[in-house]
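The structure under discussion appears below in the form of structure tokens.
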Amino acid sequence: MTEKGDKELLELETLRHSAAHVMADAVKRLFPEAKITIGPAIEEGFYYDFDFKRPFTQEDLAKIEKEMHGIVAAALPFVREEVTREKARGIFKAEPYKIEILEELPEGEPITIYRHGDFVDLCRGPHVKDTGKISAFKLMSVAGAYWRGDEKNAQLQRIYGTAFPSQAELDEHLVRLEEAAKRDHRKLGRDLDLYSTMDEYGGGLVLWHPKGGRIRDAIETFWKEQHYKNGYDILYTPHLGRATLWETSGHLDFYRDSMYSPMDIDGNDYFIKPMNCPFHIMVYKTQMRSYRDLPLRWAELGTVYRYEKSGVLHGLLRVRGFTQDDAHIICTPEQIDNEIREVLRFSMFMWKSFGFTDIKAYLATRPEKAVGEPERWDQAIAALKNAVTEEKLDYELDEGGGAFYGPKIDLKVRDALGREWQMTTIQFDFNLPERFDMNYIGADGQRHRPYMVHRALLGSLERFFGVLIEHYAGAFPTWLAPVQAVVISVSEAQSTYAAKVASILRERGVRVDVDDRNEKLGFKIREAQVKKVPYMLVVGGKEVESQAVAVRSRASGDLGAMPVAEFADRIVSEIAEKK
RNA sequence: GCCGAGAUAGCUCAGUCGGUAGAGCACAUGCAUGGUAAGCAUGAGGUCACGGGUUCGAUUCCCGUUCUCGGCUCCA
């Protein structure tokens, strides 16, 4: 982030935070009995939480917006004032939430209030010069929210809004929201017949339809091929494990809330796995390991089940059963620098292959409460830092933000609409090797504790698929498209030839369908176009005559006729190049 | 789980101020044999989410339940 970017961001936040004040003012004017709480700027705009006896309706929102326009038109100046604690208590005597915040402010810190017109709010600021600066805003929605985000506290009414320096930027933002709605993977998933979820058999559990299955298979095939190329081996482990395993791993102590109830098998409790790592460790422990065996890189497309509250389930992005593209790297201290660098380089290669080029790293270091020797933490963090630096990745440091068992790098990828998604995690673990007493024999003939790194590259196939659908708006590149080409006959007379063309292409590994239905050409073209098939191969009398296909591309229209073999070469090389 | 809004055909939605429901797309059948984004006609398809109440009568009104969607992480 440049200095200029920082400054712009601050200005936008100031504008939005000021807009939140104007909204609170409008609400207090219309509903004097509403209690104000807090109203910060957020990534997409701003919100303000109110304690009010009934929920705000769409009509209320329209009224509030109108009232806000009045306040903006009046161009009331924002006035900063520093007050004593005593005076602030007087000003906010009718606002219990403000008093609560006030009482928590440390002694000695200046207490500031901001006024515009008759409205006054306890606020650190800063604000824009006057309310007239907030011309381009819009109220978006109402939602419930808990005081301080804690469900034990009072439920408040939260009004979301957004504001921009200019109307043009606001309009652009609204268009972007519409575009995002059009790309919603839940809508495209149904329209393109990719997957479904139904509460009929259980919410948050995904059915992959044939077309979604084709895409998943293309992803998995590429994934496996690349893992082998990069020195990984692939494991398969069970869906269930005995309670003793999860006791040793600590999951039953720390993670039980996210695990499903046990089932009884021959008098022992078994749990459905929420993670794959204990099984990989069990594989490690089947023999005595030498430093000469390390590093071990073991990957698995492992399906895990985790309990998620019903209210948070969301299409493919938040589910209860999902397949992690998991891997565990087990190595010696001398190897970690290289291993981390390699895993990061590999991750970047994979993201690029799937069409994501804007990637940012988030590095989280040692928290207060942590297990493992400090020297190991230091070495691990150094390895992570070296790797991001060598990959020339932008990164943010989250000092103390790591898990208790190790530091990590998360990668966030930006999609075609500029939205950031947290996908890859590269996570050190100083806990499990201890708990399972993992070791290897070093060159010195002594037992040593190996380093262990968890890595989920795409994250989960379900979530990755959801993001991929939205990134491409359903128009997958040819190598991923469920149907890569459809042969369309002009009339029934070309059915046999169409089938022949399809079988030639299938021989070459192309996913091809035949549409020889008794429909008009235009109708079949439209349908293929709507289904976002990359290539339409029209065959009529002329093509039969010349043993050719008339190629139409999804993106650039009619490309003219060419011999079948020529088209086959063309699409096969396109697929090989991951286009 | 909590707050709010919803639930009508496979999908998107209309409608009934209480008298057992409609459209477009999709599907089926027939006609049309068509050269680059929707040919024509006919038909089938609904416990109006589920349970209870009020009523002569409830898909419609009331209560409850289930599920879906938007939030519940952004902190003066």
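All chains are named by letter (A, B, ...) in the order of the sequence lines, taking the proteins before the strands, and each is independently numbered beginning at 1.
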Partner of B/A49 under the Watson-Crick or G-U wobble criteria, both distances under 3.5 Å, comes out as B/U65
Partner of B/C31 under the Watson-Crick or G-U wobble criteria, both distances under 3.5 Å, comes out as B/G39
Residue [X], side-chain atoms from C-beta onward, closest of [options]:
X	options	result
A/Glu492	B/U33, B/A37, B/G35	B/U33
A/Glu519	B/A76, B/G71, B/G39	B/G39
A/Phe523	B/G35, B/U36, B/G39	B/G39
A/Gln529	B/G70, B/A37, B/U33	B/A37
A/Leu105	B/G34, B/C72, B/A76	B/A76
A/Pro40	B/A76, B/G35, B/C75	B/C75
A/Val530	B/A37, B/A76, B/G35	B/A37

Roughly how far apart, to the nearest Å, are [N] and [M] at atom [atom1]?
N	M	atom1	answer
B/U66	B/G52	C1'	15 Å
B/G70	B/U33	P	49 Å
B/A49	B/G6	C1'	11 Å
B/C61	B/A26	P	33 Å
B/U60	B/U55	C1'	13 Å
B/U8	B/A14	P	10 Å
B/U68	B/U12	C1'	16 Å
B/G15	B/G30	P	37 Å

Base, sugar-phosphate or nothing for [X]? Non-hydrogen atoms, less than 4.0 Å.
X	result
A/Arg124	base
A/Tyr160	sugar-phosphate
A/Gly541	base
A/Lys542	base
A/Gly522	sugar-phosphate
A/Ala550	base

ask   = Step by step, would you call A/Glu527 with A/Lys531 a salt bridge (charged side-chain N to carboxylate O under 4.0 Å, His left out)?
value = CA-CA 6 Å; A/Glu527 205 167 278; A/Lys531 286 185 179 158; 3.8 Å; yes
Run the salt bridge (charged side-chain N to carboxylate O under 4.0 Å, His left out) test on A/Glu172 and A/Arg176 for me, step by step, so that the C-alpha distance in whole Å, both residues' side-chain angles and the decisive distance to 0.1 Å come before the verdict. CA-CA 6 Å; A/Glu172 199 181 305; A/Arg176 215 161 58 92; over 6 Å; no
Are any of [X]'s side-chain N or O atoms less than 4.0 Å away from OP1 or OP2 of [N]?
X	N	result
A/His314	B/G70	yes
A/Arg526	B/A38	no
A/Tyr48	B/C74	no
A/Arg186	B/G70	yes

Interatomic distance, CD1@A/Ile64 vs CG@A/Asp25, rounded to 0.5 Å, equals 11.5 Å
Residue pair A/Arg148/A/Ala143 against RNA chain B: nearer the 5' end by closest nucleotide is A/Ala143
Residue pair A/Asp121/A/Val142 against RNA chain B: nearer the 5' end by closest nucleotide is A/Val142
Checklist line | Side chain A/Gln494, main chain A/Ser491, donor-acceptor under 3.5 Å | finding: yes
Does either side chain, that of A/His454 or that of A/Thr425, offer a donor lying less than 3.5 Å from an acceptor on the other one? no
Notebook entry, point to check: Between A/His21 and A/His116, is any side-chain donor less than 3.5 angstrom from a side-chain acceptor?
Noted result: no
Send over the distance from [X] [atom1] to [N] [atom2], rounded to a whole Å.
X	N	atom1	atom2	value
A/Leu122	B/C75	CG	P	16 Å
A/Ile159	B/C74	CD1	P	18 Å
A/Asp49	B/C74	CG	P	9 Å

message = Using the rule given for salt bridge (charged side-chain N to carboxylate O under 4.0 Å, His left out), can you reason through A/Glu100 versus A/Lys35, listing the C-alpha separation, both sets of side-chain angles and the distance that settles it, and then say yes or no?
response = CA-CA 12 Å; A/Glu100 191 179 324; A/Lys35 299 294 174 214; over 6 Å; no
If you take atom types as modelled and just measure distance, does the side chain of A/Tyr47 reach the base of B/C74 with a donor-acceptor pair under 3.5 Å? no
- Task: State whether the distance check finds a donor on one side and an acceptor on the other, under 3.5 Å, for side chain A/Glu543 versus base B/G35.
- Result: yes
Note, A/Pro126 side chain near A/Arg80 side chain (heavy atom, < 4.5 Å): no
